[in-house]
Every structure is written in structure tokens, then in C-alpha cells.
Amino acid sequence: MRAALWLLALFGVAVSAALVAGNNQAVVTLFWPPYRVDLSFNLVVLLLAGLFLLLYLASRALTALVSLPLEARRWRAQQKERAMFGSLLDSLAHQLAGRYIRATKSAQNALAQEKSLAQVADEPGYEVGHSAARSNQLRSLAHLLVAESAQSLQNRALRDEHLQLALRSSAHRNALEVRDGVQFRAARWAMDDRDPGAALDWLAQLPQGAARRTLALRMKLRAARQLRHTAQALDTARLLAKHRAFSPEAAQSIVRGLALELLNDAHDPAQLQRAWESLDATEQSMTELAVHAASRLTALHGDPDLARSWLLPSWERMVQPRSDLGDNLRVKLIGVLESGLASLDAAWLGRIEAAQLGQPRDANLQYLASMACLKLQLWGKARQLLTQATHGLQDATLHRNAWRALAVLAEQRDDPAAAAQAYKRAAQL
């Protein structure tokens with residue numbers, strides 16, 4: 001379409017010129033005494049146009065002749081620039097291929113070419129092919145490649161030297177992205193050297209946005225776990241789970257493991273309560289964490305009512321008709337509640353009785369209700385429930401405890417044969 005428009009425009013110009021020049025009878029007379037020259041107006045116009053074109057071509061030729069030295073310098077600088085980028089690419093290729101000495105030499109060659117190119121760029125009349133920002137980035141990357149190769153060769157002196165040079169080259173505002181990469185690599189090298197404290201120091205120097213990236217959070221989690229900073233590792237794991245750095249199952253497993261470790265680090269009831277309160281609602285609703293926290297609080301001689309309050313959501317899940325709790329967690333929950341039966345209040349006694357009546361065939365609930373009856377000295381009901389529970393208990397510990405309780409009840413009613421039989425059954429488990 002554009003070509004057709006140009007053709008139409010050229011046709012119009014040609015028609016207009018033919019109309020004007022074809023009927024033009026004007027004459028230009030030049031007087032040069034004693035001569036007189038008569039020229040047609042059209043010829044004069046053509047001569048002037050030809051003279052203008054000749055002068056224009058001559059000026060262009062003169063400019064090209066004068067600029068030959070500058071063009072030669074520019075060409076040499078372009079060759080150096082190409083060689084510089086080529087050396088940088090060769091260094092990266094050697095680095096990926098495991099040729100660390102060659103990678104170091106290529107990166108150092110790129111630095112030398114960049115230094116020479118910077119000197120050429122300072123000459124008048126020449127502009128470097130890339131901006132100052134690109135120069136800073138290139139120097140930082142070259143120093144980083146040298147440092148990376150030195151790290152692989154365990155040359156820490158050379159690594160630290162070029163690391164500082166890379167940080168210095170990337171300190172400008174236009175090279176901050178490269179600086180983040182340098183600090184990430186420094187943190188990774190610290191982790192490789194088994195110095196998680198130094199890795200955390202490097203990560204702490206990152207800007208706020210870079211510090212929340214998945215790469216930074218992964219290294220922070222690894223370093224915090226090595227230093228046994230459980231609270232910091234747990235916070236980092238939560239952020240990683242929020243960023244979907246792990247699958248939901250893996251994230252839940254990691255968070256649960258760190259929360260268990262945090263609870264285990266508590267050595268008195270006050271520390272354990274603070275650790276429990278530091279968990280979020282989702283974590284506190286995990287039955288495994290709630291049972292473990294209540295068990296730890298009981299072992300540390302803490303408030304049993306507080307322990308049972310932590311267990312209440314898990315208890316409500318367990319007593320549902322179609323509970324999703326596994327047998328292992330149910331047994332642990334029963335065991336923790338059993339250890340605090342001496343201080344059980346009326347509300348919990350009512351919950352246990354209602355749960356047992358609601359699920360009369362559940363052996364675990366029969367066992368817990370029978371132990372509560374023992375504490376209340378309801379011997380008959382306790383013996384009845386224990387007898388029923390022994391037929392359905394799957395856990396060996398609960399089964400053994402049930403037979404031992406039956407033996408104690410038999411001794412109380414002066415039935416040594418039944419007591420001996422119950423002790424025998426308990427010993428066989």
C-alpha cells in the first residue's frame with residue numbers, strides 16, 4: 001500500500017513538472033560585457049540542481065576523509081568490545097563445563113578488555129557502545145565468575161578479593177540487581193564452607209524485597225536450622241509455605257517438625273507456653289502438635305487445665321463419628337488425658353462420658369472412661385468398661401495397662417486367681 005502511494009505521488013510530481021516546464025517560455029539572460037548569454041529557465045534550474053548535488057557530494061567526501069582516524073579508532077574499540085563479551089561468554093561456558101582455571105583466565109581477559117575499552121572511551125569524539133550501567137554490570141559479573149571459579153578450586157583468598165571487587169563494581173544504583181546476585185552467591189559460599197552465621201549476615205544485607213525471594217528464604221531456612229534458631233527457621237518456613245515453595249504436604253511436614261523442635265527446646269512451663277502461643281492457629285490445630293505440647297507441659301509439671309485446653313480441639317475431632325485421626329494420634333491423646341486424670345474437672349468428665357456413650361464400641365474411649373472411673377473409685381463400672389476394652393484395644397501399652405488395672409481391681413475384691421490371671425495377660429503383651 002505504501003509503495004502504491006509513493007508511486008502515485010511520484011506520478012503527480014512528474015505530471016506537475018511536465019505541465020510547468022513544457023509550456024515555460026521564460027529565458028534567463030546573463031550579461032558579461034561584451035558578451036550576452038541567453039539560457040532557458042528550465043536549463044538554469046537543472047544546472048543549479050546539479051551544482052547543489054555536486055557540492056553536497058564533495059562535502060560528504062571531505063567529511064568522510066577527515067573522519068577516517070576516528071572511524072579507525074571506533075572500529076578497534078568495537079573489536080575490543082566484541083572480544084570482551086566473547087571472553088565473558090567463554091568464561092561462563094567454561095564455568096558450566098567445570099573448567100575453572102580456563103573460566104578464571106577468560107573472565108580476567110574480559111576485565112582487561114573492559115579496562116582498555118574504558119581508556120579508549122575517554123578519547124574525544126568516541127562514545128562507548130554500551131552504557132556505564134552495562135560496564136558496571138559486566139565488571140561485576142566478570143569478578144563474580146572469577147570468584148565462583150576460585151570457590152570451586154578452594155582458593156578462598158582469590159575468591160574474597162574478587163568478591164569485594166564485584167561488590168564495589170555493583171555498588172552503583174544502576175547495578176543493584178547484580179549486587180543482589182553477588183550477595184546471594186556469597187551467602188551460598190558461606191553455606192558451602194559450613195558457616196551458617198556468615199550466610200545469615202550476607203542475607204541480612206539484602207534489600208527487603210530481595211530478602212523475601214524464595215532463594216533467600218531457602219538459604220535462610222537452611223542456615224537457621226543449622227544454627228538451631230528454631231523460631232527463625234519456623235518463621236522462614238511459614239513464608240516459604242506462603243510462597244508455595246514446597247508442596248502443601250511437604251510444607252506442613254516441615255512446619256510441623258520445626259514446631260515440635262520449638263516445643264522441645266522449652267525447659268519450663270513458662271517457656272513452653274510462650275512457644276505454644278508463638279504458633280499460629282493452623283499449627284495449634286494440628287493434633288500432633290497439641291498432643292506433644294500437652295505431654296511436654298505435663299512432664300514439666302505445668303498446669304493440667306492449660307494442657308487440656310490445648311487438647312480440646314483435637315478431642316472434639318477425635319470423638320466425631322467419622323474422625324480422620326489415626327490410631328497412633330488417638331492413643332497418644334488418650335495417654336496424655338490419662339496422665340492428668342487426677343485433676344480432671346467435671347466438664348472433662350462429662351465430655352469423656354458423653355463420648356463413650358456416643359461410641360460404645362470404641363475401645364480407646366472405653367479404656368479412658370474406665371480409668372476415669374478408677375480415679376472416682378467407681379469400681380464396678382470401671383471393671384465393666386475395662387473388660388470390654390480388653391477385647392478391642394490394639395495398642396499394646398493401653399492393653400497392658402487395662403489388664404494391670406483389672407488385676408488391681410481383683411486384688412481389691414480379694415480374688416487372687418483373677419489378679420494372677422490379669423497379671424499374666426499383662427506380662428504376655
Side-chain angles (χ1 to χ4, degrees), residues 77-120 128-130 132-172 174-207 210-211 213-227 245:
Q78 289 177 351
Q79 296 303 312
K80 291 182 179 181
E81 189 173 3
R82 292 171 182 171
M84 174 187 65
F85 284 108
S87 298
L88 189 65
L89 292 176
D90 290 340
S91 176
L92 181 58
H94 292 318
Q95 176 72 38
L96 295 176
R99 301 186 182 96
Y100 301 118
I101 296 179
R102 294 185 182 181
T104 301
K105 292 181 179 179
S106 297
Q108 290 174 341
N109 187 27
L111 289 171
Q113 294 287 350
E114 198 280 331
K115 184 178 180 180
S116 175
L117 187 63
Q119 294 175 353
V120 174
V128 69
H130 54 276
R134 294 301 182 188
S135 298
N136 294 328
Q137 291 179 353
L138 187 141
R139 285 196 300 271
S140 300
L141 289 175
H143 286 303
L144 184 60
L145 287 173
V146 176
E148 184 72 35
S149 300
Q151 169 68 15
S152 301
L153 296 172
Q154 297 298 309
N155 189 348
R156 291 184 173 82
L158 182 62
R159 180 201 69 184
D160 294 338
E161 176 187 355
H162 282 273
L163 174 61
Q164 295 302 321
L165 291 173
L167 290 172
R168 191 182 309 166
S169 299
S170 61
H172 301 277
N174 48 27
L176 292 180
E177 289 293 334
V178 180
R179 186 176 183 85
D180 293 345
V182 174
Q183 291 173 335
F184 276 131
R185 296 310 299 171
R188 176 63 61 83
W189 297 335
M191 293 298 300
D192 293 341
D193 294 341
R194 298 182 180 180
D195 189 359
L200 288 178
D201 292 338
W202 281 110
L203 294 174
Q205 298 177 21
L206 290 170
R213 295 172 188 167
T214 302
L215 175 61
L217 292 176
R218 285 180 180 273
M219 286 193 288
K220 188 176 180 181
L221 174 61
R222 181 182 170 191
R225 296 190 71 173
Q226 290 184 7
L227 291 173

**Q** Write down the atom of Ala216, the atom of Leu203, and the distance for their closest heavy-atom approach.
**A**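 Closest approach of Ala216 to Leu203: O-CD1, 3.9 Å.
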
**Q** Look at atom CD1 of Ile101 and say whether more than 12 heavy atoms of other residues, nucleotides or ligands are closer to it than 6.0 Å.
**A** no

**Q** Please round to the nearest 0.5 Å and tell me the distance separating atom CZ of Arg179 and atom CG of Leu167.
**A**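 Arg179 CZ to Leu167 CG: 5.0 Å, rounded to 0.5 Å.
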
**Q** Which heavy-atom pair separates Ala245 from Arg218 by the least distance, and what is that distance?
**A**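 That would be O-NH2, 2.8 Å.
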
**Q** Run the side chain to side chain donor-acceptor pair (under 3.5 Å) test on Ser87 and Asn109 for me, step by step, so that the C-alpha distance in whole Å, both residues' side-chain angles and the decisive distance to 0.1 Å come before the verdict.
**A** CA-CA 6 Å; Ser87 298; Asn109 187 27; 3.0 Å; yes

**Q** Do His94 and Tyr100 have side chains that approach each other closer than 4.5 Å (heavy atoms only, starting at C-beta)?
**A** no

**Q** Hey, does the side chain of Ser140 reach the backbone of Ser170 with a donor-acceptor pair shorter than 3.5 angstrom?
**A**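 Checked: pair present.
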
**Q** Rounded to the nearest 0.5 Å, what separation is found between the CZ atom of Arg222 and the CG atom of Leu227?
**A** 11.5 Å

**Q** Could you measure the distance from the CG atom of Leu88 to the CD atom of Gln137? Nearest 0.5 Å is fine.
**A**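 Here the interatomic distance stands at 11.5 Å.
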
**Q** Taking the side chain as every heavy atom from C-beta outward, state whether Phe184 and Arg213 have any pair of such atoms under 4.5 Å apart.
**A**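 Touching, per the 4.5 Å side-chain cut-off.
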
**Q** Going by heavy atoms in the side chains, are Leu215 and Arg188 under 4.5 Å from each other?
**A** yes

**Q** Enter the distance from Lys105:NZ to Gln108:CD here, rounded to the nearest 0.5 Å.
**A**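 That separation rounds to 9.0 Å.
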
**Q** How long is the span from the CG atom in Leu111 to the OG atom in Ser106, to the nearest 0.5 Å?
**A**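 Answer for the CG-OG pair, Leu111 versus Ser106, is 11.0 Å.
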
**Q** Less than 4.5 Å apart, side chain to side chain, heavy atoms only: is that true for Leu141 and Leu92?
**A** no

**Q** Considering only distance and modelled atom types, tabulate donor-acceptor pairs under 3.5 Å from the side chains of residues 190-200, sequence neighbours left out.
**A**
{"from": "Asp193", "atom 1": "OD1", "to": "Arg156", "atom 2": "NH2", "distance (Å)": "3.1"}
{"from": "Asp193", "atom 1": "OD2", "to": "Arg159", "atom 2": "NH1", "distance (Å)": "2.9"}
{"from": "Asp195", "atom 1": "OD1", "to": "Ala198", "atom 2": "N", "distance (Å)": "3.4"}

**Q** Do the side chain of Arg185 and the main chain of Ala147 share a donor and acceptor less than 3.5 angstrom apart?
**A** no

**Q** Can you measure from CD (Glu148) to CG (Leu96) and round to the nearest 0.5 angstrom?
**A** 10.0 Å

